There are 2 protein chains.
Amino acid sequence: MNEIGLRRRATVHDVARAAGVSLATVDRVLNGRPGVRAATVEKVEAAIAEIGFQRDLSASLLARARDLRVVFIIPDSSNEFMASLADAVTRRAGQALTDRIYIETQRLRALDAGALAKALDGLDARTTDCAVIVGGEEPSVLTAVDSATKRGIVVMTLVSDLPATQRHHFIGVDNVAAGRTAASLLGRFLPQGGKVAVIAGSLHLRDHSERLSGFRATMAAEFPALELIGPSEGHDERSETEAIVADVLARHPDLAGLYNLGAGNAGLVAALDAAPSASALRVIAHELTEPTRRGLRSGVIDVVLDQNPDGEIREAIAAARTLALGGHGALVSDPIEIGIFLRDNLR
Amino acid sequence: MNEIGLRRRATVHDVARAAGVSLATVDRVLNGRPGVRAATVEKVEAAIAEIGFQRDLSASLLARARDLRVVFIIPDSSNEFMASLADAVTRRAGQALTDRIYIETQRLRALDAGALAKALDGLDARTTDCAVIVGGEEPSVLTAVDSATKRGIVVMTLVSDLPATQRHHFIGVDNVAAGRTAASLLGRFLPQGGKVAVIAGSLHLRDHSERLSGFRATMAAEFPALELIGPSEGHDERSETEAIVADVLARHPDLAGLYNLGAGNAGLVAALDAAPSASALRVIAHELTEPTRRGLRSGVIDVVLDQNPDGEIREAIAAARTLALGGHGALVSDPIEIGIFLRDNLR
DNA sequence: CCGTAAATGAGGTACGTGCCTCATGACCTA
DNA sequence: TAGGTCATGAGGCACGTACCTCATTTACGG
């Protein structure tokens with residue numbers, strides 16, 4: 001039972017020795033404090049790389065006697081998906097506290113770019129290590145993200161990316177793949193061909209347009225026998241979506257498939273429930289929420305594609321932990337997978 | 001920016017004060033050391049519960065100057081799934097080290113219950129905190145699990161549960177739900193009815209028989225137009241599975257669907273590749289491995305149901321962390337979800 | 001060559017917990 | 001009541017890092 005081969009982890013002391021400097025200097029380099037010549041910084045960094053030093057995150061948080069502070073800024077709309085995201089944050093917040101990670105949630109009016117920008121501008125780098133945001137590509141938001149990053153806050157985008165900014169990381173699913181998957185399933189569900197209606201929330205939303213493009217591409221390439229109807233835009237609203245679905249059903253009594261790539265699923269389910277002969281209709285929707293679960297259970301929805309909000313929040317927290325203190329370099333994180341739910345594998 | 005409402009986390013000092021005892025006594029209780037009257041133990045435990053004290057795992061590991069040691073014992077067979085499990089362990093091991101979790105992997109001859117029992121018996125509770133095993137329900141294994149648990153090692157089962165033992169936790173998917181899902185998809189893929197062949201590895205394996213029962217139940221309840229053929233047993237072997245598939249295809253030229261709920265997918269893909277008219281055949285298999293990915297890409301496999309080995313390992317490590325020091329009480333952990341993969345959402 | 005500022009070293013305390021030693025007090029038994 | 005055992009308290013050192021103060025060295029301009 002000897003310990004040969006189990007080399008002790010390198011510590012700051014080892015770095016100091018290897019670099020031929022004092023502990024204080026290593027500390028200054030590690031924590032980006034001033035008063036070190038560029039040449040010395042390089043010496044220390046070389047030593048760190050050479051002996052493979054990795055700062056002990058727990059000891060670090062312990063020593064500063066303060067938690068890592070992560071702020072989630074999430075739209076506060078009637079959108080059930082955003083609510084489930086916020087729920088997931090709340091659930092994780094307790095466990096995260098055990099790891100000295102303090103999580104705060106801010107709900108903001110949906111689609112209010114100004115409010116999001118203002119919230120970002122209000123973050124103090126001394127009390128906030130990381131901000132995780134869900135936002136659209138508005139100029140004011142982009143500016144605020146870059147400004148927060150410059151102030152030293154790690155900004156991560158969730159669900160919908162802002163690739164034009166300096167955000168450190170994006171966490172979300174591949175929506176083009178989600179659209180392809182919906183097409184692939186519907187195509188297999190309808191081997192005899194037929195009409196398929198598509199409903200979106202708003203094609204100005206990046207995720208919706210990505211889903212649509214994936215859906216269309218696969219439909220065109222693999223299932224030419226299916227005829228696409230739409231897309232119509234329901235603006236993620238319950239009543240609007242309900243009206244659209246009812247209209248489509250009335251207009252096309254022979255409709256074979258339906259893909260709702262946006263929200264407003266309560267309306268979708270209501271319209272399907274009211275339809276007389278919807279049982280032969282194959283329906284795919286997005287996000288596992290209360291209305292879609294109900295639809296799956298009752299059979300009016302066949303498949304729900306889900307973003308897995310719990311997994312997204314878990315990864316966001318893990319990434320925050322790594323980024324905020326660990327290395328400012330590459331980040332390995334699990335990709336978020338598209339959850340596919342039928343009535344039979346509902347949790 | 002004040003800190004009102006952000007109460008400091010409770011520490012051992014708080015527990016001592018609340019219980020009216022000294023730090024030393026709290027320490028003795030927390031670490032199960034002798035020399036404390038039962039009445040005092042209760043007092044301390046009451047105080048812990050009252051102020052909601054949670055031991056700081058990181059500080060604890062730091063203080064003992066040793067890592068949490070977790071051993072994964074995984075079958076070393078030609079089974080590609082076990083290989084991907086082991087790969088996932090290796091991938092996580094590096095990151096885990098940052099959190100003072102030292103992970104060791106042992107590969108054992110598959111289906112060798114004696115070897116697994118011996119490996120478990122060989123674990124020293126002083127150097128091993130947690131063992132994660134994949135094993136069948138053999139008497140020698142059951143005994144060894146209980147013995148290790150008694151010695152103070154946290155034992156967790158992975159993929160296949162041993163509910164008859166004292167194992168602390170099981171991590172794996174709901175295989176009955178997986179079987180139901182396969183049936184539900186095939187049923188929707190084949191609205192005109194037809195013959196569906198089922199191939200298993202061995203029905204003596206708990207996961208296989210669970211999948212079969214879920215599959216059968218949903219088929220009978222929802223898709224009476226489909227005729228089941230089999231199951232035949234391919235014993236998770238490449239060549240045997242290939243022969244069985246070729247035989248079934250020859251015997252039933254009009255076969256509409258195929259469900260391989262076991263391993264041996266290299267054989268499945270080979271047989272399908274060799275078949276002349278397999279393009280109309282809907283095929284569902286298990287576990288995302290090299291051969292099934294190939295099958296998805298080429299189109300001979302329609303859907304792969306996956307256990308998500310990475311997620312399983314992640315949860316295993318998280319659970320080990322919580323169980324080994326945290327609370328010996330209830331453990332909240334994310335359920336492992338069945339991954340559903342088509343060509344279109346392959347990562 | 002001096003004055004000054006910047007760079008670096010030396011060493012301390014703290015974080016929350018584990019583990020050790022030693023002292024003190026309570027209680028039991030002979 | 002003496003001698004023993006057991007329960008408990010008091011205190012200190014350690015883990016790896018952060019952050020502080022104070023001294024010392026080095027570099028540079030005049």
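Keep in mind the model is a prediction, meaning the values are calculated, not measured. In what follows, chains carry the letters A, B, and so on, assigned in the order in which the sequence lines appear, proteins first and then strands, with residues in each chain numbered from 1.
- With dT8(D), dG16(C), dG9(C) as the choices, the nucleotide that has an atom nearest any side-chain atom of V21(A) turns out to be dG9(C).
- Going from atom CG of D67(A) over to atom P of dA18(D) covers 15 Å, rounded to whole Å.
- Taking atom CZ of R55(B) as the reference point, atom P of dC15(D) lies 20 Å away to the nearest angstrom.
- For the pairing with V155(B), the side chain to side chain contact (heavy atoms under 4.5 Å, CB included) check across I73(B), L123(B), V145(B) returns one residue only, V145(B).
- For the pair V12(B) and A38(A), nearest-nucleotide mapping onto DNA chain C gives the more 5' position to A38(A).
- Along DNA chain C, the nucleotide nearest to A24(B) and the one nearest to A59(B) differ in position, and the one closer to the 5' end is contacted by A59(B).
- Residue T25(A) places at least one side-chain N or O under 4.0 Å from the OP1 or OP2 atom of dG9(C).
- As judged by a 4.0 angstrom heavy-atom cut-off over every strand, R100(A) is placed among residues touching the sugar-phosphate backbone only.
- Side-chain N/O atoms of S22(A) include one lying less than 4.0 angstrom from OP1 or OP2 on dG9(C).
- When distances run from any side-chain atom of A65(B) to the nucleotides dA18(D), dC15(D), dG18(C), the shortest one goes to dC15(D).
- Side chain of R100(B) to main chain of D67(B): no donor-acceptor pair is present (N/O by atom type, distance under 3.5 Å, no hydrogens or angles).
- A donor-acceptor contact under 3.5 angstrom links the side chains of N31(A) and R55(A), judged on distance only.
- Separating the CG atom of L23(A) from the P atom of dT21(D) is a distance of 18 Å, rounded to the nearest angstrom.
- Remark: R33(A) is in phosphate contact with dC19(D), judged by side-chain N or O atoms under 4.0 Å from OP1 or OP2.
- Positionally, the nearest nucleotide of DNA chain D for R28(B) lies more toward the 5' end than for the other of L62(B) and R28(B).
- Contact annotation: R37(A) side-chain N/O to dT8(C) OP1/OP2 distance is under 4.0 Å.
- Taking atom CG on L30(B) and atom P on dG18(C), their separation rounds to 6 Å, with Å as the unit.
- Protein atom CG of D27(B) is 14 Å distant from nucleotide atom C1' of dT21(C), rounded to whole Å.
- Shown here for A88(A) and I313(A), the closest heavy-atom pair between the two residues is CB-CG1, 3.6 Å.
- One interatomic measurement links the two molecules: CZ of R17(A) to P of dG9(C), which rounds to 14 Å at whole-angstrom precision.
- Across all strands shown, S58(B) has no heavy atoms under 4.0 Å from either base or sugar-phosphate atoms.
- In this structure, D56(B) places its CG atom 6 Å from P of dT17(C), rounding to the nearest Å.
- Among V173(A), I336(A), L158(A), the one residue that satisfies the side chain to side chain contact (heavy atoms under 4.5 Å, CB included) test with Q307(A) is V173(A).
- Sequence order on DNA chain D of the closest nucleotides to A63(B) and A39(B) puts A39(B) first from the 5' end.
- One interatomic measurement links the two molecules: CD of Q54(A) to C1' of dT17(D), which rounds to 15 Å at whole-angstrom precision.
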